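Being a predicted model, the structure only gives us computed values, none of them experimental.
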Amino acid sequence: MTEGNSMPDGDTAGKDAAVPAEEKRPEEEEEKKENGDSKVSPLSEKPTAAPAAPEEVEFVHPEGGWGWVVMLAAMWCNGSVFGIQNAFGILFLSLLREFGSENDEDLRFRTAWVGSLSMGMIFFCSPIVSVFTDVLGCRVTAVGGAAVGLVGLLASSFVTSLGPMYFTYGIVFACGCSFAYQPSLVILGHYFKKRLGLVNGIVTAGSSIFTITLPFILSGLLEKAGLQNTMRVLCILMFVLLLAGFTYKPLLPVKASNTRTSRFPPMSQIFNINIWKSLGYRIWAFGIPAALYGYFVPYVHLMKHVEERFGKDTSKEVLLMCIGITSCVGRLIFGIVADYVTGVNKVYLQVSSFFVIGLMSMMIPLCNIFGGLIAVCLLMGLFDGCFICIMAPIAFELVGADNVSQAIGFLLGLMSVPMTVGPPIAGFLRDRLGSYDVAFYLAGIPPLIGGAVLCLIPWVEARRKRREMEAALSKDQGVTEKMIENEKAQGDALCKTGESVL
């Protein structure tokens, strides 16, 4: 047998040794095949194992630490951006006095478009902001956006006519706010997973807190310092927001790109089509805008309805105060509740918020006493907080942390259409019919329809997971069958080798 093993080294072996050598060759071939598999497989696995290693190691969220600083910075971002936007009603009257008269209907219409353009641009720019967030990162996008917003607001303080305000306040300031706002939602997923609902509730509560307190501060500043100096004071909020953006330190591992020599990011990073492959996300991206056609109608036209129903002397500001306070409470409560609701079942919280808001909108014309309107506003504010605080956690559940930036961006972009169209339609109905009753009745229908559509998401996601499990099981069974066939083939070969030796 030893001579047979040495046969390949020379041709001087005898005839008797040639037979065992020939009989040994099938065994050697089998051994070479077996050894070849064991030797070649590590070499073939090396190029594939290197990129697969980051996927095998699951990223662990800190659930605190520096994340609490990031949370406070994001809270300031939500508060300063939407606090200033929601307080435009206070600035509106000062703009009328500055550029004309409060009784000029044409000036009122043109001035109102400054605030509408600003709010619409924040959401309209969101798809573009999501691309910048994926390419440049949360920190660069947020800091750059805050700087642009600061320049736009500061330039607005030097404007002496209404025309330039459309550009400085309605476009530049609003675009800066959009670039600063969206990264504040995305960065939270780098630091929190189990507490993401609670953290989002605290962050979004910042806008409620600023919305409640800022009007009182602005009223005093406008009386003592004037419109221009008040806008310059608001620039301090944007400067602090710029500094807060530096705290957005990314933690999620970055996927390796195949285009190492290219100076430009891959197209898949610029336009992420993976989010649209998810049927659950497509339903969500359709259901939310569908519900918002009537969602904001009460917030825009409620004050005018109260004046027509109860008189101009009614303290209608109390209703806004009720909505603001309960919205803040709702964001904290439902943010905590969302952490205990697993997976995409968080959508049911959003469904409940749409159902309640839709029903409360229909209840507004039926309230013949002011106390009834207060109760309606309390419930609307509570579930408004529910809808807002769980938007980001649902996006993380549907598309994952790697795709959440563009998922939120495209959703906010789609939301800009109903937010802009819904209230003017309600105003048109009021002018034609002479009251807001029909407008409020119809405003309650889209939230009900949108909520019903969202109910499909948990069923769709459960079916998708079930199919993935079945595919994985069938794949494992196929691998097992191939292993059994290989073992049988090796056994048959060994049996044949044994017969030849005998």
If you take all heavy atoms of Met238 and Cys177, which pair is closest and at what distance?
-> CE-SG, 4.2 Å
Return yes if some donor-acceptor pair links the side-chain N/O of Ser353 with the main-chain N/O of Gln350 below 3.5 Å, else return no.
-> yes
Hits for side chain to side chain donor-acceptor pair (under 3.5 Å) against Arg464, two or more places apart or cross-chain, chain-then-number order -> Glu461, Glu468
Is any side-chain heavy atom of Arg463 less than 4.5 Å from a side-chain heavy atom of Leu279?
-> yes
Taking the six-membered ring for Trp, are Phe383 and Phe334 ring centroids under 6.0 Å apart?
-> yes
Of all the heavy-atom pairs spanning Gly197 and Asp339, show the shortest one and how long it is.
-> N-OD1, 2.7 Å
Are side-chain heavy atoms of Ile236 and Phe239 found at a separation under 4.5 Å?
-> no
Sub-3.5 Å donor-acceptor pair from the side chain of Thr141 to the main-chain atoms of Cys138, do we have one?
-> no
When you measure from the side chain of Ser118 to the backbone N and O of Val114, does any donor-acceptor pair fall under 3.5 Å?
-> no
Heavy-atom pair with the smallest gap, counting every atom of Ser178 and Pro183 = O-CD, 4.5 Å
Close side-chain approach of Thr326 to Leu379, heavy-atom, < 4.5 Å = no
Salt bridge (charged side-chain N to carboxylate O under 4.0 Å, His left out) partners of residues 428-453, not counting sequence neighbours, each pair once = Glu308-Arg430, Arg309-Asp437
Within the distance-only criterion (no hydrogens, no angle test), does the side chain of Tyr281 pair as donor or acceptor with the backbone N or O of Ala407 below 3.5 angstrom?
-> yes
Is the Phe82 ring parallel, tilted or perpendicular to the Phe123 ring (thresholds 30°, 60°)?
-> tilted
Do you know the tightest heavy-atom contact between Val143 and Leu242?
-> CG2-O, 3.9 Å
Identify which one of Val351, Ile394, Val347 satisfies the side-chain contact (heavy atoms from CB on, under 4.5 Å) criterion when paired with Ile457.
-> Val347
Phe370 and Phe310 aromatic ring geometry - parallel, tilted or perpendicular at 30°/60° bounds | perpendicular
Verify the ring-centre separation between Trp76 and Phe210: is it less than 6.0 angstrom?
-> yes
Taking all non-hydrogen atoms of both residues into account, name the closest pair between Glu63 and Lys193 and its distance.
-> OE2-N, 2.8 Å
Ser278 (side chain) donor-acceptor with Ile275 (main chain) under 3.5 angstrom = no
Exercise: identify the closest heavy-atom pair between Ser80 and Leu237 | CB-CB, 4.2 Å
